[in-house]
Amino acid sequence: MRTRDLKLGLYADEQGLVWVRGLVEDAVGSQGSQGSQGSQGSRGSGGSGGSRGVRRARVVGESVVRNLPGSELSIADAYDFLAEQWAVEHPGESSGTRQPLELHVRLACSLRTWRAIRKTVIRTLCPERTGPHTCRVPWSAY
């Protein structure tokens with residue numbers, strides 16, 4: 001298993017950051033319970049009987065970046081559009097202590113599992129509905 005980075009640009013206060021961290025943890029945790037052959041024999045013993053299709057991932061590091069290292073561009077400049085998104089989606093509301101930041105989560109997993117985790121996190125950050133909606137925490141992922 002290789003380590004892979006999940007990077008999320010956020011416009012969040014401390015409560016929003018805790019919520020997003022929980023979404024990531026839930027997405028990582030759900031990968032250990034998924035398998036293509038059902039749960040029979042998929043306890044992760046490393047043997048050959050039935051562990052195919054089970055995705056495994058674990059968080060091996062996390063950091064919150066408020067300044068881009070080695071760049072003249074600040075996090076606030078890089079994610080200024082998220083603050084604008086908040087203002088548009090929440091007219092007249094104060095942004096409080098929200099600020100642009102970048103959440104880096106280092107995962108030990110396969111590329112396929114990383115993609116599944118990323119997709120799950122993005123889908124739960126701002127679920128699509130049939131009409132216009134607002135995101136609890138404006139975000140950007142790459």
Side-chain angles (χ1 to χ4, degrees), residues 1-71 73-91 93-142:
M1 257 189 280
R2 288 186 49 190
T3 57
R4 302 176 190 284
D5 291 325
L6 177 64
K7 296 181 181 181
L8 300 168
L10 305 170
Y11 185 63
D13 54 14
E14 195 60 36
Q15 184 180 11
L17 180 59
V18 168
W19 178 70
V20 173
R21 283 177 168 149
L23 293 179
V24 172
E25 288 173 11
D26 289 348
V28 169
S30 73
Q31 292 306 304
S33 63
Q34 291 185 4
S36 61
Q37 302 298 320
S39 61
Q40 195 172 31
S42 61
R43 292 202 171 248
S45 62
S48 60
S51 63
R52 288 186 337 216
V54 175
R55 297 181 184 164
R56 295 187 195 121
R58 63 186 168 90
V59 175
V60 295
E62 178 193 290
S63 62
V64 176
V65 178
R66 288 175 168 65
N67 298 309
L68 289 173
S71 174
L73 193 64
S74 71
I75 289 289
D77 292 334
Y79 295 112
D80 63 343
F81 63 93
L82 295 177
E84 292 172 19
Q85 177 183 339
W86 172 266
V88 168
E89 292 180 349
H90 300 87
E93 286 185 44
S94 168
S95 61
T97 60
R98 287 174 185 81
Q99 61 181 338
L101 54 92
E102 196 168 79
L103 176 63
H104 291 201
V105 181
R106 178 149 280 210
L107 302 168
C109 61
S110 68
L111 179 59
R112 175 185 245 179
T113 300
W114 176 85
R115 287 178 177 157
I117 290 169
R118 182 178 183 275
K119 184 177 181 179
T120 299
V121 169
I122 289 170
R123 188 174 45 242
T124 54
L125 270 170
C126 199
E128 290 186 33
R129 296 183 182 99
T130 56
H133 63 284
T134 60
C135 296
R136 178 173 172 178
V137 174
W139 60 274
S140 176
Y142 58 95

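Here, residue 1 is the first one in the sequence, and each next residue gets the next number.
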Could you pull out the closest heavy-atom pair between [X] and [Y], with the gap in Å?
X      : Y      : result
Leu23  : Val121 : O-CG2, 4.2 Å
Ala141 : Ile122 : CB-CD1, 3.9 Å
Ala57  : Val28  : O-CG1, 3.6 Å
Leu17  : Ala12  : N-CB, 4.0 Å
Ala108 : Val60  : CB-CG1, 3.9 Å
Leu68  : Ala78  : CD1-CB, 4.1 Å

[Y] side chain reached by [X] side chain, heavy atoms, under 4.5 Å:
X      : Y      : value
Val24  : Leu8   : yes
Leu107 : Thr3   : no
Tyr79  : Leu101 : no
His104 : Val65  : yes

Residues, nucleotides or ligands: over 12 heavy atoms within 6.0 Å of [X] [atom1]:
X      : atom1 : value
Asp80  : CG    : yes
Arg136 : CZ    : yes
Arg66  : CZ    : yes
Glu62  : CD    : yes

Return the [atom1] to [atom2] distance between [X] and [Y], rounded to the nearest 0.5 Å.
X     : Y      : atom1 : atom2 : value
Glu25 : Arg21  : CD    : CZ    : 8.5 Å
Lys7  : Arg106 : NZ    : CZ    : 8.5 Å
Leu10 : Gln99  : CG    : CD    : 10.5 Å

Problem - Short side-chain to backbone donor-acceptor contact, Arg4 and Cys109, under 3.5 Å - result: yes
Problem - Main-chain N/O of Cys135 paired with Glu89 side-chain donor or acceptor, under 3.5 Å - result: yes
Exercise for the section: Would you please test Trp19 and Leu125 for side chain to side chain contact (heavy atoms under 4.5 Å, CB included) and show each step? Expected result: CA-CA 9 Å; Trp19 178 70; Leu125 270 170; 4.0 Å; yes
Problem - Geometric class of the His90/Trp86 ring pair [parallel <30°, tilted 30-60°, perpendicular >60°] - result: parallel
